[in-house]
2 protein chains.
Amino acid sequence: MTRSMPSTSRSLPIALIRAREGVMQPIREMLSKTGITEQQWRVLRVLAEYGPLDTTTLADRASLLFPSLTRIATTMRNKGLITQTRDETDRRRQFIAITPEGQKIIDDHAEQAAKIVAGFRAKLGDDHYETLLDLLGQLDPGSRE
Amino acid sequence: MTRSMPSTSRSLPIALIRAREGVMQPIREMLSKTGITEQQWRVLRVLAEYGPLDTTTLADRASLLFPSLTRIATTMRNKGLITQTRDETDRRRQFIAITPEGQKIIDDHAEQAAKIVAGFRAKLGDDHYETLLDLLGQLDPGSRE
DNA sequence: GCTATTTCCTTAACATGTTAATTGTTGCGA
DNA sequence: TCGCAACAATTAACATGTTAAGGAAATAGC
């Protein structure tokens with residue numbers, strides 16, 4: 001009747017942390033030479049894929065909390081990787097766009113990043129890889145749409 | 001020949017982040033009333049399961065980086081949740097143990113935590129849940145032993 | 001024994017995660 | 001139009017992630 005919590009060795013939260021660490025390790029290694037962080041890379045990726053976005057949408061697509069994005073945007077603006085412009089219709093809003101310098105970082109590393117991901121896909125196998133993404137999606141509260 | 005990076009909507013790193021966020025949300029909510037963080041909860045969990053541990057082993061089992069554990073241990077020691085004692089044989093080393101107050105936090109919330117995890121297990125189904133843990137394990141570089 | 005290396009841990013510095021409070025803006029209804 | 005709720009974004013405060021450097025104790029060789 002002692003509810004015996006699951007052993008930490010089979011704990012879902014810990015398994016997620018470790019898997020993330022394993023996946024990000026080579027990506028961080030690649031990015032360390034560019035001077036940008038994993039989160040800044042995500043911002044560039046999203047902007048490159050969707051074009052200029054308002055801050056709310058960008059935060060959502062890059063999976064960043066608002067306060068984090070505020071700080072990251074300041075850093076990236078100072079680095080010349082993005083531009084921030086106010087919406088003149090609704091001056092509360094803001095649009096963020098990637099600059100040519102930002103796009104260059106994407107272009108210069110897209111191939112290597114793709115190889116890293118392909119490596120994980122090959123390691124698991126195509127079917128298992130898709131299964132994994134599906135199962136992870138079921139744990140994401142924001143993926144009900 | 002354009003290597004076309006995977007859309008961020010099917011990106012493994014982002015899927016891992018979002019899944020982790022989804023799983024941790026209810027756990028953080030539970031812990032907010034106790035005043036301890038998710039990481040402090042992990043430390044207590046590991047100590048309750050394995051007994052007193054040296055810092056290196058604890059950091060490994062709780063998936064915390066060393067500098068983080070140093071700070072977390074200081075906080076938890078000040079809260080009276082753990083004790084830190086030097087190894088007199090090898091005075092570089094240190095042992096960390098859970099206190100009765102720390103154990104009480106585990107005891108008071110083990111049932112609720114188990115229910116939360118059971119909820120995710122039920123949502124995915126037993127088979128898929130085990131599959132997920134196995135696949136995540138394959139992404140963990142430290143699970144080769 | 002004595003130095004160089006290794007090991008265990010801590011500090012430092014910067015970036016992000018997390019929650020709460022705050023500041024500007026817009027819109028709306030009395 | 002005045003006041004107030006709602007909204008977008010920032011700031012604040014604290015904790016952690018991440019990498020690099022530092023410090024103290026043990027160990028290996030010579």
Side-chain angles (χ1 to χ4, degrees), chain A residues 13-14 16-18 20-43 53-60 62-79 81-82 84-96, chain B residues 13-14 16-18 20-43 53-60 62-79 81-82 84-96:
Chain A
I14 290 184
L16 287 169
I17 292 171
R18 291 186 174 158
R20 179 165 142 60
E21 184 183 357
V23 170
M24 290 316 300
Q25 184 58 40
I27 295 179
R28 261 200 293 274
E29 196 170 340
M30 170 186 83
L31 293 177
S32 69
K33 299 161 191 168
T34 71
I36 73 172
T37 66
E38 166 198 337
Q39 289 82 357
Q40 294 171 15
W41 171 254
R42 280 216 302 280
V43 169
L53 291 175
D54 65 277
T55 311
T56 301
T57 306
L58 175 56
D60 183 55
S63 280
L64 292 170
L65 292 178
F66 238 80
S68 296
L69 182 53
T70 294
R71 287 176 304 211
I72 293 171
T74 302
T75 303
M76 295 180 77
R77 182 159 29 82
N78 291 337
K79 286 183 180 175
L81 302 177
I82 59 169
Q84 277 175 298
T85 56
R86 284 226 163 279
D87 180 346
E88 286 306 320
T89 307
D90 182 345
R91 300 178 27 129
R92 290 173 300 187
R93 288 197 169 174
Q94 209 173 162
F95 283 98
I96 297 185
Chain B
I14 290 184
L16 287 169
I17 292 171
R18 291 186 173 157
R20 179 165 142 60
E21 184 183 357
V23 170
M24 290 316 299
Q25 184 58 40
I27 296 180
R28 260 201 293 272
E29 196 169 341
M30 170 186 84
L31 293 177
S32 69
K33 299 160 190 168
T34 72
I36 73 172
T37 67
E38 165 198 337
Q39 289 82 357
Q40 293 171 15
W41 170 255
R42 279 216 303 280
V43 169
L53 292 176
D54 65 277
T55 310
T56 301
T57 307
L58 175 56
D60 182 56
S63 280
L64 292 170
L65 292 179
F66 238 81
S68 296
L69 182 53
T70 295
R71 285 176 305 212
I72 293 170
T74 302
T75 304
M76 295 180 77
R77 182 159 29 82
N78 292 337
K79 286 183 180 174
L81 302 178
I82 62 170
Q84 277 176 300
T85 57
R86 283 227 164 279
D87 180 346
E88 286 307 320
T89 307
D90 182 342
R91 299 174 32 128
R92 290 171 303 185
R93 289 196 168 177
Q94 213 174 158
F95 284 98
I96 297 185

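Side chains included, hydrogens not; waters and symmetry mates left out as well; all remaining heavy atoms used. Letters A, B, ... are given to chains in the order of the sequence lines, protein chains preceding strands, and every chain is numbered from 1.
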Which residue lies more 5' along DNA chain C, comparing B/Asp54 with A/Thr89 via nearest heavy atoms: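 Looking at the nearest nucleotide for each, B/Asp54 comes out on the 5' side.
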
Contact nearer the 5' end of DNA chain C, comparing B/Thr57 with A/Leu65: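 Its nearest nucleotide lies further toward 5', so the answer is B/Thr57.
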
Can you sort out the partners of [X] under side-chain contact (heavy atoms from CB on, under 4.5 Å), two or more places apart, ordered by chain and number?
| X | value |
| --- | --- |
| B/Arg86 | B/Glu88, B/Gln94 |
| B/Thr70 | none |
| A/Pro13 | A/Ser11, B/Val23, B/Met24, B/Ile27 |

Could you tell me how far apart [X] ([atom1]) and [N] ([atom2]) are, to the nearest whole angstrom?
| X | N | atom1 | atom2 | result |
| --- | --- | --- | --- | --- |
| B/Arg42 | D/dG17 | CZ | P | 7 Å |
| B/Ile14 | C/dG17 | CD1 | C1' | 16 Å |
| B/Ile36 | C/dT18 | CD1 | C1' | 15 Å |
| B/Asp60 | C/dC9 | CG | P | 12 Å |
| A/Arg91 | D/dT10 | CZ | P | 14 Å |
| B/Asp87 | D/dA24 | CG | C1' | 15 Å |
| B/Leu58 | C/dC8 | CG | C1' | 14 Å |

Distance test, side-chain N/O of [X] to OP1/OP2 of [N], below 4.0 Å:
| X | N | value |
| --- | --- | --- |
| A/Arg93 | D/dA9 | no |
| B/Ser32 | C/dT19 | no |
| A/Arg92 | C/dT26 | no |

Restricting both atoms to N or O, compile the protein contacts to nucleotides 10-15 of chain C shorter than 3.5 Å, with distance only.
from, atom 1, to, atom 2, distance (Å)
C/dT10, OP1, B/Gln94, NE2, 3.3
C/dT10, OP2, B/Thr70, OG1, 2.9

A/Arg28: partners by salt bridge (Lys or Arg N to Asp or Glu O under 4.0 Å), with sequence neighbours left out: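 Counting only residues at least two positions away or on another chain, A/Arg28 forms a salt bridge (Lys or Arg N to Asp or Glu O under 4.0 Å) with A/Glu38.
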
Non-neighbouring partners of B/Asp90 that pass salt bridge (Lys or Arg N to Asp or Glu O under 4.0 Å), sequence neighbours left out: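 Applying salt bridge (Lys or Arg N to Asp or Glu O under 4.0 Å) to B/Asp90 gives B/Arg92.
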
Sugar-phosphate only, base, or nothing, as touched by B/Thr56 at under 4.0 Å among non-hydrogen atoms: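 Touches sugar-phosphate only.
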
Test item: B/Asp54 and B/Asp87 side chains (from C-beta on) under 4.5 Å apart, heavy atoms: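 Sidechains of B/Asp87 and B/Asp54: no contact.
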
Close side-chain approach of A/Ile17 to B/Arg42, heavy-atom, < 4.5 Å: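 In contact.
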
Residue whose closest nucleotide on DNA chain D lies nearer the 5' end, A/Glu29 versus B/Glu88: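 The residue whose closest nucleotide sits nearer the 5' end is A/Glu29.
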
Per B/Arg28 side chain, nearest of listed nucleotides D/dA9, D/dA26, C/dT19: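 Looking only at side-chain atoms, B/Arg28 lies closest to C/dT19.
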
